Amino acid sequence: MALHTHHPHKLKKHILSLIRACTCINHLQQIHAHAIITSPSPPSSSYHAIITTILTGLLHLPTTSIHYAKLLFNHLYNPSIYHLNSIIRAMAHSPSPCNAITFFTSHMHTHRPNHYTFQFLLKALSLSSSLSLSLSVGFQLHSFAYKLGMVSYTFFNNGLIHLYSLCGHVFIARQLFNEMGQRDEVSYSSMINGYVKSGELGSALDLFKDMPELGSPSAWTAILVGYSDNGDLGSARKFFDEMPEKDVVAWNAMVSGYTQNGLYAEAIFFFREMQKVQNLKPNATTMATILSACAGLGALDTGKWTHAYIERKGMKLDAFLGSALVDMYSKCGEVELGLQVFTGLKQRKNLCAWNAMINGLAIHGRAAQALEFFKQLRKEGIEKPDQITFIGVLSACSHGGFIDQGRAHFYNTMKIYGVKPIVEHYACMVDLLGRSGFLDEAEEVIRNMVIKPDIVVWRALLGGCRLYKNVQIGERVIAHMEAHSSGDYVLLSNIYASAGRWVDVSRVRKMMQESGIKKVPGWSSIEFGNVIHEFVSGDKTHPRYGEIYEKLDELKRKLKKEGYLAETGMVLYDIEEEEKEEALGHHSEKLAIGLGLISTPPGSTLRIVKNLRVCSDCHSVTKLISLIYGREIVVRDRIRFHHFNYGTCSCKDYW
Ligand code: ZN
Ligand code: ZN
C-alpha cells in the first residue's frame, strides 16, 4: 500500500480514497496503524475523518469485525448517531443480533436515537433466537419511541407489526395496524404474513382482499405460502397461476408444498418449469427442496442431475446444501456418494450434515461405520447430538444387531446429552431387543415409556414375536394396539402359523375380512433415463406390460432350473399388506425389476423403491435374479435398503 505523499491535504484525500477501495480488514488496519503513527497529539480533525471513513468502510465489507468496529467507535472524538446506527445495523445482522440492543442501551444516554436506530433495533429483535426476550424488549422500544414522538413513522410501525406477529401476538399486531394513520404495502404484507404464520389463513385472505390496487408481490407470496403450508395445493396452484409477479419465494412455495405432501414428481416437474422462466434464479432453498423430492422418490439420476446443476451454477456447497445432498444420495441408495459429499464439505459441518450421514449409513445397514461417525461427532465436541442423531445411532445398532451398544446409548449416552427419548427411539430399541430375542425386555421398555407407544413401537415387538414364535406376547401386543392395519393382522396370523396354530390363523383371517380393514396399497417404482415408472401389484397399465410379463415368465423358468420353489407354503400366511396369494409372481417390485431387466443395459444396477416391507418371496427371488442376470439390485423398502449382489443381500436376510 503506497502512502508516500507529503502534502497533508493531498495525503488525506489519498488515504480516504484508499480506504474506500479496501476489500479486507487487514488493509483497513494497516491504514489505521499508519494514521495513528503519523497523526499529531492531540489527534487532528483529519485523523477523525480517517477513522470515520475506516469505520464506514469496515461496516460495508462482506465479512466484518464487530469487535474492531466498536474499537474504532471508541476512538472517535465525537461519534454521531450515524456511527451508532451503523454499528447497530451491523450487529443486527451478525450471528448474535441481541448485542445490538446491549450496545444501544449503553449509548442511549449520550445519543438521541432517530427512526433509523429504531428500525435497526427492531430488525435485531426479529432476527434474535429468543422470541420471548424480543417481545419484552419490543414492548419497551415501542413505549420509548412513543415518548420520543416517533410512533407515527410508518416503517417503524411496520417493524413492530412484523415483530409482534413473529412472536405470536398477531392480535396486538392487528391493533397496531388498525391504529396506524398511514399504511403502505409493507404494513399490509407484514400483517398478512403474520396471519399466515399463525395459521389464520382466513384473516389473511380477508385483509388481502382489502388491499388497495392488486396487492403487493410479497402479500401475494404470503398467501401462496399459506395455501401451500396448509397442504391445499389445489388453491395454491390456482392462486399461483393468477399471480401477476412470481418471484423465487413463490416458486419455492409451490415446490415445497408438493414435496411436503409427497407429490415429489410434481415438485420436480415444477422445478423444470421454473428453469424456463427468464431472470429467475433458483436459490439454495429451491435446491434443498428438490433434493428432498429426489430422496422421496429415490430418483438417483434426477438427484445427480440436481447436484451437477448446483455445481454448474456455482452455488455455494455449504452445510445446508451439503446435508441435503448427503440425505438424497443415501436415500437413493448411493451412500458412498453421500460420504464423498460429506467428507468434501469445506465449511464446518453442522449437526444437520452429521445427522444426514449417520442416518444414511444406518438405513444402509452400515452400522459400524454409522457408529464410527457418531464417535467422531462426539470427539469433535462442537455440535451436540440431538434426537435425530440418536434415531440414526439406535437404528444402526438395531440393523447391525449391536445389542450392548444399543442399550448403552439408549440408557446412558442420551442422558449425558440431555436428549429426551421420543417414540422413534423406543421403536428402535424395541426392534433391536425384539430381533435379538429379548422379548421380555422389549415389552418392559414399552411398559416404562413416558409417552404413549405408537403403532410402530407395537409393530416392532410384534415382528420379534413372529421371529421367535412367541404367541403370548404377540396376543398381548394385538390387544394393546388401537389402530390395526392389515399388516398387523398378517403378522399375528404369521405368529400363529409359525406355532402351528392353524385354527387361530383362520380366525384372524376371518377377523380381517369382517372388519373391512383397508389395505395400504403397495407400490414400487424404478427410475431410469430420468423417468420414474410406478407399479402396483398385478399392474397392467404400463405400456410395455406385455414384455414385462414375458420377462417374468422367462425368469420363472430360469428360477425353476436353479431349483427355486415359490414360497407358496408361506403365501397363505406370510402375506404383506399389498399381497394377494395369486399375485405372488406379480408383486409390484417384481414388475419394476422386470421392466428394469428389459430396459437397461446388461450388468447395470437396478434401483427400486417400495413403500412397504419387501415380502420374503420377493426377497429370495431378487437374490436369485442378481445372480442369474449378474445385476446389482438396490431396493429401498419402508425402513431400510437391501443391496442384492451375487445371490446375497446386504441385510443378511435380517430385515
Ligand atoms: Zn413380494
Ligand atoms: Zn435384504
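Just so you know, ligand 1 is whichever comes first in the structure, and atom 1 is the first atom listed for that ligand. None of the values given here were measured: they were computed from a predicted structure.
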Please evaluate residues I290 and Y309 with respect to the criterion side chain to side chain contact (heavy atoms under 4.5 Å, CB included), reporting the C-alpha separation (whole Å), side-chain torsions for both, the decisive distance (0.1 Å), and the verdict. CA-CA 11 Å; I290 289 302; Y309 181 92; over 6 Å; no
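Distances from the Zn ion (ligand 2) show that C649 has an N/O/S atom below 2.8 Å.
In terms of distance to the Zn ion (ligand 2), the nearest N, O or S atom of H619 is named NE2. Checked against the Zn ion (ligand 2), the N, O or S atom of H642 at the shortest distance is ND1. Of all N, O or S atoms in H587, the one lying closest to the Zn ion (ligand 1) is ND1.
Taking the six-membered ring where the residue is Trp, Y545 and Y549 present perpendicular rings, their angle passing 60° and hence far from 30°. A tilted orientation is assigned to the rings of H533 and H542, their planes being inclined by 30° to 60°.
The shortest heavy-atom contact between K349 and A353 is CB-CB, 4.3 Å.
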